[in-house]
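These notes concern the structure reproduced below.
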Amino acid sequence: MIVNLHIKNYALIDEFSVDFKKGFNVISGETGAGKSIMLGGLSLILGKRADISVLNNPRKKCIVEGKFKIEKLKHHSFFQENNLDFEKETILRREVTPNGKSRAFINDTPVNLSVLKLFSEGLIELHSQHQSLALKQANHQLNLLDNFCNHQDKLKQFKIEFQQLNQLKKSLKELEENRGISISEIEFLSFQLEELENAQLKEGELQQIEEQLALLNNTEKISVFLEKGTEFLDKENGVIDLLAELYRDFSEISDYNSKIEEIRNRLNQSIIELKDISTDIYNLNDNRLNNPEQLDQLNSRFDTLNSLLLKHRKNRLSDLIELKERLQVKLNKFENYDTETERLKLQIINQAQKANVLAKRISKNRKKSTINLQKNIESVLQKLGIPFANFIIEIKELPSLSENGIDDVIFLFSANKGIKAEQLSSIISGGELSRLMLAIKYKSAQHLETETLIFDEIDSGVSGEIANMMGEIMHEIGKCNQLIAISHLPQVAAKGEHHFMVYKKVKDGVTNTLIKQLEGKDRVDEIAKLLSGKSVTNTAKKNARELLNQ
């Protein structure tokens, strides 16, 4: 759940911070106070794209931080898969700079916007009258049903099996498509493979040849300097002899002072190192003899390797080695086409059986849950002012498996007596849609994977007893999930366990949006204002206290 939201330099918000609580949080405020602006800031850490138009001060960057308490184990794998540090209190942050650049972070680790969005989708669901339109989409209806069925583990396992089935089908298709290759093409591939195999390619060989050629092509110049090095180091009274003499002199006086002893030891180390250098110079000079035959061999090998690189348009020998391996695999498939085809077909049959067994179990669970869910939803809708609600979940079997199983799920609805239930996409109004979404969320709250729900004025257009019932339902949802509801209704606001108010304040001639938690008298006054408007009467205050005490 979200425990803190901090917004800086976003639209009319200079800076504010709010601590949300567990349970039912309600947010009220006058129209235009900035409630939608607050949600806009929140949407940045939910993965929404942004530009410099969101900046309150165009010379400063916008920062939005959300601190989330991670309670469910399902999130642990996300951190592992994305190489992120797991924290029980995880912080999501977005920054938008004056030059239009946007950065996203999870626990101070930079992440792509897609990663931030994927993670936040498992934390928060945002619903408004407009966004409830998603309820009309078939895939969304299926997801809502699955939440109620509480078979996420089975569904996850099915998707794994389904992906494996598709991969096998893809492999078979590629094999069958490539079966039409001509004999001449197979012979050409075989020739390429044989040529690469005969080349006996070794990674790093080209660099070694270049180094050897550099030596052999510069024999005379190298010889002069190597012999000069040998002469300087090893000749009589050369560097090594002089240092040896100095070492003997310091040996006679080393007992008199520790610093002299240290210098003597360093001289000895220098002599040992120079002798090693002298030996290496001698060996290098001895091995670097003028060898025309070796030079010809190296030049020939160098030309062969470069010719292969040019022919196959590669830059490194490792690329040629990889090409050789791919050619081998491809030819093996052609040579063993019948065997490979039969193997894949058998695997597809077995994999399809595994996926079908899981799909049928999931389908059975959906059908079993449907009748109870339909009755529960209708019961809630009746309390929400739709007395003749007729809600039907229709499940049809697909001709073949899909990523969600074998079912096509369609929600049918009718709000009026004697009217046949039709698909949501064609007949339901915005107010009815919001109430239907609320009813579904209420009945599936304990099964939801998402830990925080945000309702943005989904109670618009209702009043009186229906508004009171919506408030009670939201309060019940808050017992299973953290719920944050933006509302203009006093009946809903009074049901909140924690009440916040968004308001505007002018400072130094600039309008800022702020938020504060209401308690005691302040909360009574706010609910009274929702009841009677700006002119708060004693009667309104009395009614507000009665609502709070219900």
Side-chain angles (χ1 to χ4, degrees), residues 1-2 5 18 20-31 33-43 45-46 48 66 68 120-136 140 143-144 147-148 377 380-381 383-386 428-463 466-502 515 517-518 526-527 530:
M1 69 175 190
I2 184 169
L5 176 64
V18 55
F20 291 112
K21 311 294 192 302
K22 192 173 182 179
F24 181 21
N25 300 260
V26 67
I27 299 172
S28 64
E30 294 180 0
T31 300
K35 299 183 294 296
S36 60
I37 291 175
M38 183 194 70
L39 289 182
L42 174 64
S43 69
I45 58 172
L46 303 184
K48 180 183 176 183
F68 293 82
S120 63
E121 283 175 351
L123 296 176
I124 289 182
E125 279 188 28
L126 176 61
H127 296 284
S128 65
Q129 276 206 340
H130 173 69
Q131 286 159 321
S132 290
L133 293 174
L135 184 57
K136 293 187 176 185
H140 194 69
N143 290 336
L144 288 171
N147 283 335
F148 185 81
I377 297 300
V380 175
L381 288 172
K383 294 177 182 178
L384 291 175
I386 310 179
I428 195 167
S429 70
E432 291 168 348
L433 198 63
S434 294
R435 278 180 273 181
L436 177 57
M437 175 65 82
L438 179 61
I440 292 172
K441 289 299 178 184
Y442 171 47
K443 285 303 176 182
S444 61
Q446 60 182 316
H447 307 300
L448 288 177
E449 291 288 306
T450 308
E451 296 160 26
T452 298
L453 296 172
I454 298 178
F455 292 161
D456 181 16
E457 298 185 17
I458 69 165
D459 50 15
S460 295
V462 300
S463 59
I466 296 174
N468 188 62
M469 180 55 65
M470 291 187 84
E472 288 184 6
I473 288 175
M474 291 184 197
H475 185 270
E476 287 298 311
I477 292 174
K479 292 180 180 179
C480 300
N481 305 85
Q482 182 189 44
L483 175 61
I484 301 170
I486 294 175
S487 177
H488 288 292
L489 297 180
Q491 297 91 334
V492 172
K495 294 293 189 297
E497 297 171 82
H498 318 284
H499 192 164
F500 301 88
M501 182 180 75
V502 174
I515 189 170
Q517 185 168 1
L518 301 177
E526 174 64 10
I527 292 176
L530 293 174

Is a side-chain donor-acceptor pair under 3.5 Å present for Asn468 with Lys495?
yes
May I ask you to check whether His488 and Ser28 show a side-chain donor-acceptor distance below 3.5 Å?
no
Side chains of [X] and [Y], heavy atoms from C-beta outward: is any pair under 4.5 Å?
{"X": "His127", "Y": "Lys441", "result": "yes"}
{"X": "Leu438", "Y": "Val380", "result": "no"}
{"X": "Leu123", "Y": "Ile2", "result": "no"}
{"X": "Ile27", "Y": "Phe20", "result": "yes"}
{"X": "Phe24", "Y": "Ile477", "result": "no"}
{"X": "Leu5", "Y": "Ile45", "result": "yes"}
{"X": "Lys21", "Y": "Glu497", "result": "no"}
{"X": "Glu125", "Y": "Thr452", "result": "no"}

Where do [X] and [Y] come nearest, in terms of heavy atoms and distance?
{"X": "Gly34", "Y": "Val502", "answer": "C-CG1, 3.8 Å"}
{"X": "Gly385", "Y": "Ile466", "answer": "CA-CD1, 3.5 Å"}
{"X": "Leu489", "Y": "Ala467", "answer": "CD1-CB, 3.7 Å"}

Working to the nearest 0.5 Å, report the span between [atom1] of [X] and [atom2] of [Y].
{"X": "Leu144", "Y": "Lys443", "atom1": "CG", "atom2": "NZ", "result": "15.5 Å"}
{"X": "His475", "Y": "Glu472", "atom1": "NE2", "atom2": "CD", "result": "9.5 Å"}
{"X": "Lys22", "Y": "Leu483", "atom1": "NZ", "atom2": "CG", "result": "14.0 Å"}
{"X": "Met470", "Y": "Gln491", "atom1": "CE", "atom2": "CD", "result": "11.0 Å"}
{"X": "Leu384", "Y": "Tyr442", "atom1": "CG", "atom2": "OH", "result": "10.0 Å"}
{"X": "Ile454", "Y": "Ser43", "atom1": "CD1", "atom2": "OG", "result": "10.0 Å"}

Hey, is the main chain of [Y] close enough, under 3.5 Å, to the side chain of [X] for a donor-acceptor pair?
{"X": "Lys35", "Y": "Gly29", "result": "yes"}
{"X": "Glu451", "Y": "Met1", "result": "yes"}
{"X": "Ser120", "Y": "Leu46", "result": "yes"}

Determine, stepwise, if the pair Ile486 / Ile458 fulfils side chain to side chain contact (heavy atoms under 4.5 Å, CB included).
CA-CA 8 Å; Ile486 294 175; Ile458 69 165; over 6 Å; no
The residue among Ile515, Ile484, Leu518, Val26 that forms side chain to side chain contact (heavy atoms under 4.5 Å, CB included) with Phe500 is Ile515
